[in-house]
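One structure is given below, encoded as structure tokens.
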Amino acid sequence: MDWERAIQAGIEFRTGPGNEILRIEPRALATFERYRQLRPTDPEAGGMLLASIETNFVRIARATEPETQDKRTRLSFRPALGPQQRTIDREFSAGLHFIGEWHTHPEPCPVPSQVDVCSMNDCFRLSKHQLAGLVMIIIGTERSMKGLWISIHTDDAYHRLVTSGPITPITPESSEG
């Protein structure tokens, strides 16, 4: 599946050896596309990942957009925590859970910095949740799966999610057998 088709249909990953699936919906992927750092003057952007959670299936329905109060430079993004918490509270009452964060990097194939990794590990440790891990997505400048970093973070470790070969859509029904 090429990138254009992937962002129209959504992307799914197995998150471990079992049947656990992480799905990124087209609406969230469209947000990533809007903020990809393609021009030399584009600052980093980022936001939160909001998802519905079912048994063995997490569906990222929405990626929030940067807030006006966020601190954004070419090489850094620092979210304003007040607006983030208000969004988490509002979306939780609508059935969506905060499951992680996303941001851009001005490089083709993004790799998390030590600050990125420590920030997500701290977020996992300090957040009130019942999740096995929080998701971090970094969007690079390349418009392919190589331009997308996805990892699951705990308080002291992370695991990168990768695809090998073409993206094969996975549904909860097809993963049961």
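These numbers were taken from a predicted model, which means no experiment stands behind them.
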* Atom pair CG (D70) and OG1 (T64), whose distance is rounded to the nearest 0.5 Å -> 8.5 Å
* Asked: Does some side-chain heavy atom of F32 sit less than 4.5 Å from a side-chain heavy atom of I24?
  -> yes
* **Heavy-atom side-chain proximity of L148 to I139 below 4.5 angstrom** => yes
* Asked: Just how far is it from atom CD1 of I152 to atom OG1 of T15, taken to the nearest 0.5 Å?
  -> 5.5 Å
* Does the side chain of I21 reach to within under 4.5 Å of the side chain of N56, using non-hydrogen atoms? -> no
* Which pairs pass side chain to side chain donor-acceptor pair (under 3.5 Å) with one or both residues in residues 126-136, sequence neighbours excluded? -> none
* Any side-chain heavy-atom pair from I11 and I150 closer than 4.5 angstrom? -> no
* To do: For residues A51 and V58, report the shortest heavy-atom separation together with the two atoms involved.
  => CB-CG1, 3.8 Å
* **Inter-residue atom distance M145.CE - C109.SG, 0.5 Å rounding** => 11.5 Å
* To do: Could you go through the side-chain contact (heavy atoms from CB on, under 4.5 Å) check for D116 and S113 one step at a time?
  => CA-CA 5 Å; D116 293 335; S113 68; 3.2 Å; yes
* To do: Give a yes or no on whether a salt bridge exists between D122 and R125, defined as a side-chain N under 4.0 angstrom from a carboxylate O.
  => yes
* Asked: If you measure from CD on E44 to CG on D42, what distance do you get to the nearest 0.5 Å?
  -> 11.0 Å
* Structure fact -> Scanning both residues in full, the closest heavy-atom pair of T104 with Y35 reads CG2-O, 3.3 Å
* Report yes if some heavy atom in the side chain of E20 is under 4.5 Å from a heavy atom in the side chain of L22; otherwise report no. => no
* Structure fact -> Heavy-atom nearest pair, P112 first then H105, reads CA-CE1, 4.2 Å
* Side-chain heavy-atom pair H103, I138 within 4.5 angstrom cut-off -> yes
* salt bridge (Lys or Arg N to Asp or Glu O under 4.0 Å) involving E33 - partner list, sequence neighbours excluded -> R36, R143
* Do the non-hydrogen side-chain atoms of E101 and F77 ever get within less than 4.5 Å of each other? -> no
* To do: Tell me whether L50 is reachable from I53 by hopping between hydrophobic residues (I, L, V, M, F, W, Y) whose side-chain heavy atoms are closer than 4.5 Å.
  => yes
* **Considering all heavy atoms, the nearest R74-P40 contact** => NE-O, 3.3 Å
* To do: Grab the two heavy atoms, one from V135 and one from M120, that are nearest each other, plus how far apart they are.
  => O-CE, 3.5 Å
* Begin with the C-alpha distance, continue with both residues' side-chain angles, and end with the deciding distance and a verdict on side-chain contact (heavy atoms from CB on, under 4.5 Å) for R160 and W149. => CA-CA 8 Å; R160 183 176 185 191; W149 172 281; 3.2 Å; yes
* Asked: How about R34: does its CZ atom have over 12 heavy atoms from other parts shown lying under 6.0 Å from it?
  -> yes
* Report the distance from atom CZ of R86 to atom CG of L81, rounding to the nearest 0.5 Å. => 10.5 Å
* **Closest non-hydrogen atom pair between Q84 and P79, with its separation** => NE2-CB, 3.5 Å
* **Pairwise distance CG(L134) to CG(N121) - rounded to 0.5 angstrom** => 9.5 Å
